[in-house]
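Here's the structure we're looking at; comments come further down.
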Amino acid sequence: MIDKFVRSVAEAMAGIKDGSTVLVAGFAQIGEPRALIDGRIEQGAKDLTVVHNTAGRGREGVARLIGEGRVRKIVCSFARSRGSVLFEEVYARGEIELEMVPQGTLAERIRAGGAGIPAFFTPTGGGTLVARGKETRVIDGRECVLEQAIRGDVALVEAWRADRWGNLVYRDAGRNFNPVVAAAGALTIAQTQNIAELGELTPEMIVTPGIYVDRVVHVPSGDPPVVIS
Amino acid sequence: MIDKFVRSVAEAMAGIKDGSTVLVAGFAQIGEPRALIDGRIEQGAKDLTVVHNTAGRGREGVARLIGEGRVRKIVCSFARSRGSVLFEEVYARGEIELEMVPQGTLAERIRAGGAGIPAFFTPTGGGTLVARGKETRVIDGRECVLEQAIRGDVALVEAWRADRWGNLVYRDAGRNFNPVVAAAGALTIAQTQNIAELGELTPEMIVTPGIYVDRVVHVPSGDPPVVIS
Amino acid sequence: MPNWKPWAREELAARVAQDIPEGWSVNLGIGIPTLVGNYVPPDREVIVHSENGIVGMGPAPRPEALNPWLVNASRQHVTLRTGASYMNHADSLGMVRGGHLDLCVLGGFQVAENGDLANWSRSEDDSAPAIGGAMDLAVGAKRIWVVMEHTTKSGEKRLLRRCTYPLTATACTKRVYTDLAVIEVTEKGFVVIDRVPGLSFDELQARTDAEVHGA
Amino acid sequence: MPNWKPWAREELAARVAQDIPEGWSVNLGIGIPTLVGNYVPPDREVIVHSENGIVGMGPAPRPEALNPWLVNASRQHVTLRTGASYMNHADSLGMVRGGHLDLCVLGGFQVAENGDLANWSRSEDDSAPAIGGAMDLAVGAKRIWVVMEHTTKSGEKRLLRRCTYPLTATACTKRVYTDLAVIEVTEKGFVVIDRVPGLSFDELQARTDAEVHGA
């Protein structure tokens, strides 16, 4: 019987090596696998390349991972954002490498990694600093940039419901990067708010087929924070 | 009020020009927009480039379009298949151009067309006849082929249910090429087995957002044929 | 004292909203562009897209109906319209880049008379800026409308012959809404199609680096 | 009369099925490979993928339970296992090309000792052949097992030093199941790991173009 559930975050993290590339899903704290990020910190791996939409906010999640000195390089679309204090400190000390990527290119590079497309041309970034140092080509009259796929040694996602095959569904805007990140990890680990019996997630409902998922851990952490600005 | 429903197949076909590139969804007769293909024939456009998984079977659908001499070029992954009689006749007379594409490359080229990716490298076809005459590059030790996006002047799809915004869902294996084809047409036309009130298709259920769809026509044609081999 | 008054943020947002016809699909960037959504009349069906995979956003929720799992790209809590749907991030930005949105309204630092837009970084030496989805939106949407103040607070011009800040995308801007005027970007450059009441053409030109043309 | 008998199609399919462990995700090509699905015991959870966007196919339906909307890539009506799901065609072939399937079982015309596979066309001059998903599967799956008769009906060899037919993919085949033997493709070439009872090593070599090695 296939059963991808593991009993703890520690068990989910087993065997992750220093120097890994870690893809972290989530957008604006929604659908962000916070327990798994914290689990990375406990588990101790360092010298990581982290791929995430931002360099983190406040002192939690990806920001904490950076603050603890575990991240050699961050690949993101927002480096500076409200509350990116830990990143700014570490970056100012020259202790982290930064690769800035337009958000659509970031999502597409991860999607390409999961779909076995090693590289693609995109008009995004043509004629801008983003194209600097990259191969470019004029296609249909527009300057396009050759971008490389991103694959993770590890991919961390948060699901709303998961079954023992690792089939996943997401909640509302918690979908975001999760399906593309789930497909792009050599080892994909999901935390899930809820457990579903096999068959409760119907063929039409399932967003991420379990084939993409290696380990699932039940983390009923509840709603993301409400921020009124 | 947005309302993409039109009253007839003829109305759905209005304004389509000779020489158009027409993407036709469906796989093995499931989810194939048969009424729209027949509508193309009635509407009279010719000199078409048709992009479809096969060159048709029997004397219906894409095969009929070819048999009636409307197709200048067919782009497909199966040219010869059981019952591809009309194509074989027309091809033997040298009256149609054929571009053979591996099925995954075909799906990906259409997906790229919809997603604004003008070209991509793929390992599929590397070191084979498919790579002949194309730009290739060794990436991570594998020969990869540069493939171009496909966009349609017209895209024809079949949905199971559609609402007035043009939101679509598909039935079972009727999904296949439909979502990628729907996204890659300058003019996307859907035939639907059933009409849904706006809101009946929930945000999680919708596979093709109506933004991709221009016209919808109600064609309750019923189940595809059962073929026992 | 000048005998004219710049449009306020809310007036500007309302002015943009007024120009969006029913049926358009639009993405509204961070800042004033986000406000635009509040001024589209509820009975006018405009489909608002957000980078994080939402098609069909509605206005901000009443506090008692707030869904913590539903935010826009500016991390503001939002609602869904009837007919809305979710996509993953790659498909969502693919929709943007693939040219499926009728309009994107973005904030700006500078716009050049050829349509070049700079809105993400004030210097090549800014080593840790925020790109977000702006570059994808700028190359992808059918039309880019930029909303910004006509000059900086210290009076530096922002409608230029050539941008001096790093570009977001080249030749993408179709129209600029400032607190002083509405300006089309055309083959002959900036063409003024509206001005705040009382502002003369010469006063507008004095605050604009590139030449402005009458409609 | 030889004192051995080739494996029948069904025996071959059963032999392949026996080697697929629980938990593997597999794609089964047209022909004998499709039959393999019938020999995987129902209590062994093997996830069968089909190019047309099905993950988790089950066996053929009882006639009264046939769903006209559910076919595999060979257009045979199928069922779903509990836990199955649908994908669109691009995502489905992306799953293939991205290396997410543990195994693909394909039919073959020829296999070379370096693992090259030819299974879609018998000649460069065949101007209208059928590629289908074979090239994607051959480059994408973690392992390719090829199932075919050891020689053609007229006795031509199919396990070759180099393929003479147009290739499907280079160096992709990991194992070949023929009606005479099971052969691993290794760095030193073809290694025999099983033979039909009574067939000598020399008799197998006589029917094989490339050198065959003992395990």
Side-chain angles (χ1 to χ4, degrees), chain A residues 25 27-31 53-55 76-82 84 87-88 91-92 98 100-112 114 122-130 142-143 160 170-181 207-208 222-229, chain C residues 30 50-54 57 60-61 63 66-78 80 84-99 116-118 120-121 123-124 126-140 165-172:
Chain A
F27 183 92
Q29 302 173 285
I30 319 290
N53 187 51
T54 72
C76 64
S77 84
F78 284 99
R80 177 168 301 133
S81 60
R82 229 183 310 174
S84 59
F87 167 77
E88 304 260 5
Y91 189 70
L98 169 67
M100 289 292 297
V101 184
Q103 202 170 106
T105 299
L106 183 64
E108 191 67 14
R109 288 177 64 191
I110 299 169
R111 191 256 173 207
T122 175
T124 301
T128 80
L129 289 181
V130 163
R142 306 171 96 183
E143 180 177 295
W160 177 243
Y170 307 98
R171 176 156 174 190
D172 298 329
R175 187 178 304 200
N176 60 67
F177 280 94
N178 278 289
V180 280
V181 164
V207 176
T208 294
D223 289 341
V226 170
V227 179
I228 307 290
S229 56
Chain C
I30 295 175
S50 181
E51 291 93 308
N52 54 329
I54 310 175
M57 284 192 301
L66 183 146
N67 174 353
W69 294 83
L70 192 55
V71 301
N72 63 15
S74 307
R75 213 214 180 283
Q76 295 164 324
H77 289 278
V78 294
L80 296 183
S85 57
Y86 297 121
M87 316 173 76
N88 72 48
H89 226 90
D91 287 347
S92 175
L93 275 295
M95 176 180 269
V96 168
R97 201 177 39 232
D116 287 357
L117 168 66
W120 67 288
S121 171
S123 157
E124 288 204 17
D126 181 0
S127 47
I131 300 179
M135 287 191 181
D136 305 286
L137 288 159
V139 301
Y165 291 168
L167 296 186
T168 304
T170 56
C172 62

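The sequence lines fix the lettering, A, B, ..., with proteins before strands; numbering per chain opens at 1.
- Within residues 86-94 of chain C, the residues approaching chain A closer than 4.5 Å by heavy atoms are, in numerical order, C/Y86, C/M87, C/N88, C/H89, C/A90, C/L93.
- In this structure A/R80 satisfies the salt bridge (Lys or Arg N to Asp or Glu O under 4.0 Å) test together with A/E88, C/D126, sequence neighbours excluded.
- Taking CG of C/D136 as the reference point, atom OG1 of A/T124 lies at 4.0 Å (rounded to 0.5 Å).
- The part of A/V180 that comes within reach of chain C is its side chain, from C-beta onward, which places non-hydrogen atoms under 4.5 angstrom from that chain.
- The residue among C/A60, C/A73, C/P63, C/S50 with the most heavy atom pairs within less than 4.5 Å of chain A is C/A73.
- At a 4.5 Å heavy-atom cutoff, A/Y170 makes no contact with chain C through either its backbone or its side chain.
- Every residue meeting the side chain to side chain contact (heavy atoms under 4.5 Å, CB included) condition with C/A130, not counting sequence neighbours, appears here in chain and number order: A/F78.
- Ranked by heavy-atom pairs shorter than 4.5 Å toward chain A, the options C/G132, C/P68, C/G140 are led by C/G132.
- Heavy atoms of C/L66 lying under 4.5 Å from chain A belong exclusively to its side chain.
- Of the atoms belonging to A/R171, heavy atoms from both backbone and side chain fall under 4.5 Å from chain C.
- Contacts of A/R109 with chain C are absent, with no heavy-atom separation under 4.5 Å from either backbone or side chain.
- Of the two parts of C/V96, neither the backbone nor the side chain holds a non-hydrogen atom closer than 4.5 Å to a non-hydrogen atom of chain A.
- Between A/G127 and C/L167 the shortest heavy-atom distance is O-CD1, 3.9 Å.
- Here CG of A/D172 is found 11.0 Å from CG of C/N52. Values are rounded to the nearest 0.5 Å.
- In this view, A/S77 and A/N53, A/Q103 satisfy the side chain to side chain contact (heavy atoms under 4.5 Å, CB included) rule, not counting sequence neighbours.
- Considering all non-hydrogen atoms of both residues, A/V130 and C/I131 come closest at CG2-CD1, 3.8 Å.
- Residues C/W69 and A/I30 approach most closely at O-CG2, 3.7 Å, considering heavy atoms.
- In this structure, the portion of A/Y91 lying under 4.5 Å from any heavy atom of chain C is its side chain and not its backbone.
- The distance from the CE atom of C/M135 to the OG1 atom of A/T122 is 11.0 Å, given to the nearest 0.5 Å.
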